[in-house]
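Read the structure below first, then the notes.
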Amino acid sequence: MPTQYTPAQVEGPLYERWVERGYFTADAKSEKPPYTIVIPPPNVTGSLHLGHAFQHTLMDALVRRKRMQGYEALWLPGMDHAGIATQNKVEQQLAEEGLSRHDIGREAFVERTWQWKQEYGGRILGQMKRLGDGVDWSRERFTMDEGLSAAVLTIFKQLFEDGLIYRAERIINWCPRCLTALSDIEVEHEDRDGELVSIRYGEGDDSIVVATTRAETMLGDTAVAVHPEDERYAHLIGRQIKLPLTDRTIPVVADEHVDPEFGTGAVKVTPAHDPNDFEIGRRHDLPNLTIMDERGVITVHGPFLGLDRFEARSAVVGALREQGRIVAEKRPYVHAVGHCSRCHTVVEPRLSMQWWVKVAPLAEAAGDAVRDGRVQIHPKELERRYFDWVDNMHDWCISRQLWWGHRIPIWYGPDGEVVCVGPDEKPPTGEGWRQDEDVLDTWFSSGLWPFSTLGWPEQTPDLAKFYPTDVLLTGHDIIFFWVARMMMFGLYAMDGQAPFHTIALTGLVRDEFGKKMSKSNPNAVDPLDWMDAYGADAVRYTLAKGANPGADVPIGEDWVQGSRNFCNKIWNATRFALMNGATVSGPLPAAEQLSAADRWILSRLNATVAEVDGLYEDYQFAKLADALFHFSWDEVFDWYVELTKPVLMAGGPAADVTRRVLGEVLDVTLRLLHPITPFVTEALWTTLTGGESVVVAAWPADSGFRDAAAEKEIELLQQVVTEVRRFRTEQGLKPGQKVAAQLSLEGTSLVAHEGALRSLARLTMAEEGFHATATLPIAGATVALDLSGAIDVEAERKRLGKDLAAAEKELAQAQAKLGNEAFLAKAAEAAIDKIRGRLAKATEDIERLTAQLAALPTA
RNA sequence: GGGCGCAUAGCUCAGCGGUAGAGCGCUGCUCUUACAAAGCAGAUGUCGGCGGUUCGAAUCCGUCUGUGCCCA
C-alpha cells in the first residue's frame with residue numbers, strides 16, 4: 001500500500017464497478033421503503049460547473065446514506081431540452097453553413113436538433129460520473145422523450161379543459177434576437193445608465209410635460225395620463241393635445257394609478273409597448289399602436305421608419321430638441337433594464353397573442369402545501385421568499401416562438417374552431433385545419449419532472465413505488481423555476497399529493513473571496529480540473545463542508561487541497577491499521593476487556609454517529625462534515641491511533657483487543673464518511689473489512705455505548721501529555737528526543753496510563769544516575785524530568801508567569817461573579833455551578849503554577 | 001423605490017444570553033518506524049460604531065455606517 005492516496009487510479013474503476021453491479025439501480029418491486037430524489041434536470045447544452053457539483057454532492061450524500069440505511073433508494077438523472085439555448089446552438093451551426101432555420105424548414109430543423117443532442121448534448125452526464133453521482137442510469141430521462149412528451153400533452157389538455165390554459169393578447173417580454181416571448185423569470189433586470197428626458201406635449205395652455213427613458217416609444221403614445229385629483233392638470237383632463245413629431249392628437253386621461261409625486265405627475269401612455277400603459281389603455285379604451293417589428297425596428301411611416309429602436313431613440317430626442325420640446329434631461333439616469341437571460345439582448349415589451357397558464361388556483365395550492373406543513377422548506381427562513389413568489393405570481397406565458405420543444409397541441413379550424421388534442425387523440429383533418437406554430441416553455445415540461453420521469457400519465461410500478469419523491473434539493477435562486485412549477489403541477493396532476501415533502505435550498509457557489517462565480521466570470525473554475533488534481537472526494541468534501549443552510553458557498557483551490565490532505569490522512573491511518581492487523585472479525589470485546597482508551601473512542605464514536613445522524617436529518621451538511629473531520633482527525637488519528645501504538649507493540653491479548661477496536665472504529669468511520677467521500681472510503685473499507693462494497697454496507701447505528709468516565713480519563717491524559725510537550729518545546733528539546741522521567745501518578749486516574757504517557761510524551765524510564773532537573777506538577781501527578789544539564793529557567797519562568805497571570809485573572813473574574821448578589825439571586829443554578837467550577841479550576845491552576853515556579857532552580 | 005440578509009482572528013466562515021471557535025494562512029522545532037499532502041508546540045480578535053434591555057450581550061432591542069441579494 002503506497003504512502004499516498006492516488007485518486008486518479010482508484011475512482012474510474014470503482015465507479016464502473018458500482019454501475020455494473022447495479023447498486024444504483026432501484027427496484028420498484030422491492031419491499032424496502034422508497035427514498036427518491038429526482039435531479040432538477042440540467043440543461044442539455046450545459047456542462048458541469050461547481051454549482052452542479054455542489055448540489056449533486058449533497059443529493060448524492062443524502063441518497064447514499066438512505067441506501068445504506070436500507071431504503072430502496074432512487075436518484076433519477078436526466079436533462080431538459082432547453083428550448084432557446086439548444087435552438088441557438090443549432091442555429092449557430094446552421095449559420096456557419098450560411099443557412100437559417102427557415103431555409104431548411106421546421107421538420108429538418110427539429111431533426112437536426114436531435115442530431116445535435118446526439119452528438120454534443122449531455123456532456124454533463126459523463127461529468128456526473130466523474131463526481132461519483134450514484135444515479136440510476138437505467139432511468140435516465142429527457143424532457144423531449146416520448147413518455148415525457150405524452151405527459152406534457154396530457155396535462156396541457158387537462159389544464160385547457162379546466163380553463164386554466166387560455167390564449168390572450170397581452171404585453172409580453174420579447175427578445176428581439178431570439179424572436180420569442182419570454183416568461184417573467186427569463187428576464188434579468190440590471191441597472192443601466194440611461195437618460196431621462198422630459199418632453200413637452202401640446203401647445204400653450206394645453207401643454208404638458210412627460211418624462212421617459214424610452215423616448216422612441218412616444219411614436220406609439222395614444223394618451224397622456226394624470227392622477228384624477230391632481231389639480232395641476234384638472235383643466236386638461238378630457239382634452240386632446242398634439243403629439244409631437246406626428247400628426248396625431250391624443251387625449252389626456254385621468255387614472256388613479258398615476259403617481260402624482262413622480263416626475264411631473266403626468267405620464268405618456270404607450271399601450272402596445274409597456275405593460276403598465278397597456279393596463280391604462282384597457283381602462284380607458286385606448287387604441288394599441290404598435291410601432292416596432294419583431295426585431296425592434298420602427299415601422300411607423302416618417303423619418304424614423306426602419307431605424308433600430310436604439311437609433312430611433314436618439315433620433316427622436318434630436319428631433320424633439322430641434323423643436324425645443326426637450327425641457328429637461330437627466331443623464332446618466334440609472335434605471336433597471338430587462339435582459340434576455342439566454343442572450344442578454346435588451347428585452348422589448350411587445351403586444352402579442354400568446355398562451356397562458358392561469359396560475360392563481362395552482363399557486364394558491366402550492367402555497368398552502370407549505371403553509372400547512374405538508375411540505376417543509378429548509379432552511380425555514382427562505383419560506384418567505386417562496387410565499388412572496390407564489391402569492392403574487394402573474395399568469396405564466398407558456399408559448400414560445402421556437403421550433404425546438406413541445407409543439408402546442410392546439411388546432412385551429414377553418415371556421416375559427418380551437419381544438420386541444422390529447423396524447424392519444426387524432427388531430428382534426430380536412431381543409432383549413434392547422435396546428436399552432438408555437439412550442440411550450442421548457443419549464444412547462446420540467447415542472448412535470450417528479451412524476452413524468454416515473455411514467456405518468458401511465459400508472460406505472462415506478463410511479464406507485466417512488467412518488468411522491470422525498471427531497472428537492474436546489475439553489476435558492478431558482479425557487480421560482482423548479483420549486484414553484486413542480487409544486488403547482490404535482491399538486492394539480494397527482495391528486496393534491498405534493499411532489500416532495502422537503503425542499504432543501506442551498507446557496508450559490510462563490511470563489512475564495514466571496515465573489516459570484518459564473519460562466520462569464522474569469523474566476524469560474526472547471527470542477528473537473530480540481531477533480532483531476534485532487535480527486536473527486538476532495539472536491540466533494542470541500543463543497544459539503546461549505547454547505548451552511550441557504551448560505552452561499554465560497555470555495556478556493558487551497559481548500560480543495562486541504563480536503564485532499566484529509567483524504568490522504570484517512571488513507572494513511574487505515575494503512576497503519578492494516579499494517580498492524582486491525583480486524584473486524586469476531587464480536588467486539590465486552591467493556592470489561594477494553595482499555596480506557598478503547599472505551600473512550602467507542603464512546604466518542606457512538607456519540608459521533610448520533611450527532612451526524614441528527615445533522616443529516618436537518619440538512620446541516622457543513623456541520624456534519626465538520627463533525628466527521630474533527631472526530632476522525634483530531635480524535636481517532638491524532639490520539640487514538642497514537643494510544644494504540646504502545647499496546648500493539650507490547651503484543652499479547654491486550655493487543656488483540658485493540659486490533660479489534662481499531663478495526664471497528666475505522667470500519668464505522670469509513671462508513672460514516674462514505675456518502676461524502678465515496679471513493680477513498682470504498683477503496684479502504686473493502687480492504688479493511690473484505691466486504692463487498694461500502695455502497696451497500698449498513699449505515700452505522702448508535703449502539704448507545706457511552707463512557708463518561710473513560711472520556712474524562714483520556715481528557716486528563718491528553719492534558720498531561722500536552723503539558724509535558726509544551727515544556728519540552730519551551731526547553732528546546734527536539735520532538736524525537738527521549739527524556740528520562742520519573743512519574744508519580746499515585747492517586748490519579750493516570751496510574752493505568754503510564755505506558756501511554758511515556759509513549760506520547762517520549763519519556764523513558766528513570767535509570768541509575770537519574771537526576772531530576774525539572775519537576776512538573778500536573779493535576780495531582782508529578783512528572784520529574786532529567787534534562788541532563790541546565791534547563792532554560794528563564795523561558796520556563798516566563799511561560800509559567802504568563803499562565804499564572806491568566807489563572808489569576810480568571811480567579812478574579814469568577815470571584816467577582818460569585819460575589820455579585822444579583823447574579824446569585826437571578827442566574828440559573830447551572831450557570832452558577834459553572835462559575836464555581838471555574839473558580840475551583842483557577843485556584844488549582846494557581847497552586848500548580850506557583851509550585852512549578854517555586855520548583856525552578858534559582859539562577 | 002420596496003423587501004430581505006450579512007458585518008466575529010490576515011482570508012473564508014461557524015457560534016446567536018453565561019470563560020471567543022474551526023479550516024487555511026502565520027511563527028518555531030522535527031523526515032519520532034501510518035502519513036512532510038505530516039507531527040508537535042505557539043501567536044493572533046475592545047465579535048462594524050453608538051445607545052438600550054439584562055445579574056450577565058458577539059448573542060436580544062433601537063439606531064447609524066458599510067456591504068450583498070431579491071423584487072419593481
Side-chain angles (χ1 to χ4, degrees), chain A residues 1-6 184-185 189 259 261-262 275-276 335-336 338 381-382 384-385 388-389 392 476-477 479-480 507-508 510-516 534-535 538 542 545-546 548 550-580 620 622-623 625-626 629-630 633-634 637-638 641-642 644-645 649 721-738 759-762 799 806 809-810 813-814 816-817 820-828 830-835 837-838 841-842:
Chain A
M1 213 173 154
T3 61
Q4 281 188 359
Y5 170 54
T6 44
D184 293 346
I185 51 176
H189 293 272
D259 176 6
E261 304 293 318
F262 183 78
N276 294 323
H335 63 296
E381 301 86 78
L382 285 170
R384 181 204 276 261
R385 279 271 283 285
D388 283 351
W389 176 257
N392 300 299
H476 65 63
D477 56 327
I479 291 178
F480 321 127
L508 276 35
R510 293 172 176 277
D511 71 12
E512 68 263 49
F513 304 110
K515 290 259 177 334
K516 194 168 175 172
Y534 305 109
T542 308
K545 184 145 181 194
N548 286 116
D552 287 346
V553 188
I555 184 170
E557 185 159 1
D558 284 355
W559 308 345
V560 181
Q561 201 172 323
S563 301
R564 184 271 313 263
N565 296 355
F566 178 46
C567 293
N568 193 235
K569 188 74 181 176
I570 300 167
W571 175 268
N572 274 295
T574 310
R575 180 165 165 266
F576 166 83
L578 290 167
M579 282 163 49
N580 286 280
Q620 298 267 16
K623 288 198 175 63
D626 194 57
F629 182 92
H630 173 256
W633 201 320
D634 296 347
F637 306 155
D638 278 351
V641 163
E642 292 305 320
T644 64
K645 285 180 181 174
M649 255 187 265
V721 168
T722 302
E723 184 62 25
V724 176
R725 284 173 175 169
R726 264 217 300 194
F727 179 78
R728 295 176 51 112
T729 302
E730 296 287 343
Q731 292 303 317
L733 292 178
K734 297 199 189 311
Q737 190 176 333
K738 303 262 202 298
S759 162
L760 291 167
R762 309 214 169 260
R799 212 214 77 224
K809 189 176 163 199
E810 174 76 9
Q813 279 176 351
K817 280 218 160 188
N820 181 342
E821 297 284 332
F823 174 69
L824 293 175
K826 297 191 179 180
I832 298 174
D833 277 351
K834 217 167 170 179
I835 304 294
R838 278 165 53 192
K841 171 80 165 44

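All values below were derived from every heavy atom in this structure, side-chain atoms included, with hydrogens, water molecules and symmetry-related copies excluded. Labels below follow one simple rule: chain letters A, B, ... track the order of the sequence lines, proteins then strands, and each chain is numbered from 1.
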[atom1]-based separation of [M] from [N] [nearest Å]:
N       : M       : atom1 : value
rU44(B) : rA9(B)  : P     : 15 Å
rU30(B) : rC35(B) : C1'   : 15 Å
rA43(B) : rG21(B) : C1'   : 16 Å
rC29(B) : rA34(B) : P     : 25 Å
rU59(B) : rG18(B) : C1'   : 11 Å

Residues Glu642(A), Arg762(A); criterion salt bridge (Lys or Arg N to Asp or Glu O under 4.0 Å); working and verdict: CA-CA 12 Å; Glu642(A) 292 305 320; Arg762(A) 309 214 169 260; 5.4 Å; no
Identify whether any heavy atom of [X] sits under 4.0 Å from a base atom; if not, whether one sits that close to sugar-phosphate; answer base, sugar-phosphate or nothing.
X         : answer
Lys645(A) : base
Lys623(A) : sugar-phosphate
Asn392(A) : nothing
Asn820(A) : sugar-phosphate
Tyr534(A) : nothing

Phe727(A) vs Leu733(A) side-chain heavy atoms within contact, under 4.5 Å: no
Atom of Ser563(A), atom of Ala538(A) and distance for their closest heavy-atom approach: CB-O, 3.3 Å
For the student: nearest non-hydrogen atoms of Lys545(A) and Ala622(A), plus distance: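 Scanning both residues completely, I find the closest heavy atoms to be O-CB, 3.3 Å.
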[X] side chain near [N] phosphate (N/O to OP1/OP2, under 4.0 Å):
X         : N       : result
Arg762(A) : rU32(B) : no
His189(A) : rA72(B) : yes
Arg384(A) : rG3(B)  : no

So, does the side chain of [X] form a donor-acceptor pair with the base of [N] at under 3.5 Å?
X         : N       : result
Arg564(A) : rA37(B) : yes
Gln4(A)   : rA37(B) : yes
Glu642(A) : rA34(B) : yes

Plane angle bin for Phe629(A) and Phe566(A) - parallel if under 30°, tilted between 30 and 60°, otherwise perpendicular: tilted
To the nearest Å, give me how far apart [atom1] ([X]) and [atom2] ([N]) are.
X         : N       : atom1 : atom2 : result
Leu760(A) : rA41(B) : CG    : C1'   : 15 Å
Leu382(A) : rG3(B)  : CG    : C1'   : 14 Å
Phe566(A) : rC35(B) : CZ    : P     : 18 Å
Asp477(A) : rC4(B)  : CG    : P     : 20 Å
Arg575(A) : rA36(B) : CZ    : C1'   : 14 Å
Asp388(A) : rG5(B)  : CG    : P     : 11 Å
Asn580(A) : rA34(B) : CG    : P     : 7 Å
Phe576(A) : rG39(B) : CZ    : P     : 14 Å

Residue whose nearest RNA chain B nucleotide is more 5′ - His335(A) or Thr574(A): Thr574(A)
Pairwise 5' ranking along RNA chain B for Arg725(A) and Asp552(A), keeping only the more 5' one: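 The answer here is Asp552(A).
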Secondary-structure string, 5' to 3', Watson-Crick or G-U under 3.5 Å, | for another-strand partners, for RNA chain B: ((((((((.[[[[.)..(..]]]].(((((.......))))).....[[[[[..)....]]]]]))))))).
Partner set under side chain to side chain contact (heavy atoms under 4.5 Å, CB included) for [X], not counting sequence neighbours:
X         : result
Ala577(A) : Ala582(A), Leu662(A), Leu666(A)
Arg575(A) : Met1(A), Thr3(A), Trp571(A), Asn572(A), Met579(A)
Pro735(A) : none

Would you tabulate the pairs of protein nitrogen or oxygen atoms and nucleotide nitrogen or oxygen atoms of nucleotides 17-19 of chain B closer than 3.5 angstrom?
residue: rU19(B); atom: O4'; partner: Arg838(A); partner atom: NH1; Å: 3.3
residue: rU19(B); atom: O2; partner: Glu810(A); partner atom: OE1; Å: 2.8
residue: rU19(B); atom: O2; partner: Glu810(A); partner atom: OE2; Å: 3.2

Cation-pi geometry met for Lys645(A) and Phe576(A) (6.0 Å, 45°):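 Judged by the rule (NZ or CZ under 6.0 Å from the ring centre, within 45° of its axis), Lys645(A) counts as positioned above Phe576(A).
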From CG (Leu760(A)) to CZ (Arg725(A)), nearest 0.5 Å: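 Reported to 0.5 Å precision, the distance equals 5.5 Å.
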Taking only N/O atoms, report every protein-nucleotides 21-30 of chain B pair under 3.5 Å with atom names and distance.
residue: rU30(B); atom: OP1; partner: Lys734(A); partner atom: NZ; Å: 3.3

